[in-house]
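FYI, the numbering just counts along the sequence from 1. A quick note: this is a predicted structure, and the numbers were derived from the prediction, not measured.
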Amino acid sequence: MELRADPVVAALEMSEVKSQDAEPSEADSDYESLPPHVSTATHMTAGAVAGILEHTVMYPVDSVKTRMQSLQPDPKAQYRGVYEALHRIVRTEGLLRPLRGLNITMLGAGPAHAIYFACYERFKRILSDVIQNGGNSHIANGLAGSVATVLHDAVMNPAEVVKQRMQMYNSPYRGLWDCVRTIKRTEGLGAFYRSYSTQLTMNIPFQAVHFITYELMQEQLNPERQYHPGTHIVSGAVAGAVSAAITTPLDVCKTLLNTQENVALSSMQISGQLSGMVNTFRTVYRLGGMPAFFKGVQARVIYQMPSTAIAWSVYEFFKYSLTK
């Protein structure tokens with residue numbers, strides 16, 4: 001995750017080890033900590049850039065995932081797979097349709113990921129010092145990722161609501177601000193956080209599994225904890241795939257809460273807005289049984305693997321560049 005030290009210091013340490021054949025230096029045994037002078041702003045800058053790229057590069061697949069999680073989709077929006085869905089959306093709705101909602105995603109992803117990575121790095125260091133005297137602690141990694149998620153989702157949740165409303169088939173909104181104004185006028189400000197508890201219930205285990213898997217992969221592929229782009233890409237992709245698959249049922253519930261899918265809710269004779277995680281779980285099960293909880297799992301994994309790989313590789317690259 002973090003750079004060990006600047007290249008000159010690293011080279012001197014390696015030279016000492018080779019020439020003296022001594023025990024590993026204190027710097028080598030530390031858990032991949034950045035130099036002390038690195039500011040929180042460095043983490044925030046790297047995190048913001050990584051977050052924006054993570055969400056934008058694979059955004060069309062995210063649009064497909066949202067539609068595939070629809071519990072009672074329009075017959076014209078029933079898809080067999082990710083590629084077939086993208087091809088049909090572009091052919092019938094226009095080239096830019098899969099990018100609808102990208103603007104609000106970018107507005108939310110920058111600050112959300114800046115807070116996310118900065119908080120993760122800070123809490124990881126604090127907790128590692130407490131739990132394992134500064135050594136690598138998977139418990140510290142998981143707890144730090146969970147704390148960072150609470151802050152990240154507080155910023156990102158309203159953007160997620162607007163994004164998913166605009167991604168749906170036959171979305172009635174003319175654009176970003178029309179969507180925001182309509183939701184505020186008809187459902188109130190609380191609508192932007194209706195899925196927050198479900199989002200946290202999904203993202204806390206998602207990020208805990210994500211960070212633990214990433215660190216485990218780094219231990220195997222990059223035990224020296226140096227800047228090796230290939231290992232960050234592979235570790236990120238594996239971490240994203242595992243986390244996405246495990247938490248798909250919660251993502252289906254979050255999508256239903258965010259979109260308030262009219263056809264599905266009407267068929268269940270639910271008037272007004274659906275709210276509450278327990279009610280949402282019950283509604284999803286009544287609409288489609290257990291298989292409904294895994295709708296869109298293929299698209300979710302396909303989206304998360306490259307997205308997470310991009311996020312980690314970009315984050316590590318910017319940390320490396322900013323601390324050279």
*Asks:* Checking N141 against Y120 for the side chain to side chain contact (heavy atoms under 4.5 Å, CB included) test, could you report, in this order, the C-alpha distance in whole Å, the side-chain angles of both residues, the deciding distance, and whether it holds?
*Replies:* CA-CA 8 Å; N141 299 335; Y120 171 70; 3.9 Å; yes
*Asks:* Do the side chains of D251 and K65 get close enough for a salt bridge, i.e. N-O under 4.0 angstrom?
*Replies:* yes
*Asks:* Donor-acceptor pairs under 3.5 angstrom involving side-chain atoms of residues 197-205: please list them, not counting sequence neighbours.
*Replies:*
from, atom 1, to, atom 2, distance (Å)
T201, OG1, S197, O, 2.7
N203, ND2, D153, OD1, 3.1
N203, ND2, D153, OD2, 3.0

*Asks:* Do S63 and R97 have a side chain donor and acceptor closer than 3.5 Å?
*Replies:* no
*Asks:* With sequence neighbours excluded, what pairs up with F318 under the ring pair (Phe, Tyr, Trp, His ring centres under 6.0 Å) test?
*Replies:* none
*Asks:* Given E215 and R225, is the salt bridge (charged side-chain N to carboxylate O under 4.0 Å, His left out) satisfied, shown in steps?
*Replies:* CA-CA 10 Å; E215 301 293 355; R225 299 301 177 124; 2.9 Å; yes
*Asks:* Can you name the one residue among E261, E160, E187 that meets salt bridge (charged side-chain N to carboxylate O under 4.0 Å, His left out) with R165?
*Replies:* E187
*Asks:* Check the angle between the aromatic planes of F117 and H113 and answer parallel, tilted or perpendicular using the 30° and 60° thresholds.
*Replies:* tilted
*Asks:* Would you check, one step at a time, whether the test salt bridge (charged side-chain N to carboxylate O under 4.0 Å, His left out) holds for R100 with E93?
*Replies:* CA-CA 11 Å; R100 201 159 191 260; E93 302 177 50; over 6 Å; no
*Asks:* Under 6.0 Å from the OH atom of Y169, do we count more than 12 heavy atoms belonging to anything else shown?
*Replies:* yes
*Asks:* Would you say Y214 ends up clustered with I212 if hydrophobic residues are merged whenever their side chains have heavy atoms under 4.5 Å apart, either directly or through other cluster members?
*Replies:* no
*Asks:* Verify the distance criterion only: is there a donor paired with an acceptor across the side chains of Q218 and S235 at less than 3.5 Å?
*Replies:* yes
*Asks:* If hydrophobic clusters are built from ILVMFWY residues whose side chains come within less than 4.5 Å, do Y196 and I183 share one?
*Replies:* yes
*Asks:* Describe, in one word, how the ring planes of Y303 and H55 are oriented to each other, choosing from parallel (under 30°), tilted (30 to 60°) and perpendicular (over 60°).
*Replies:* tilted
*Asks:* Not counting sequence neighbours, which residues clear side chain to side chain donor-acceptor pair (under 3.5 Å) with E84? List them please.
*Replies:* R88
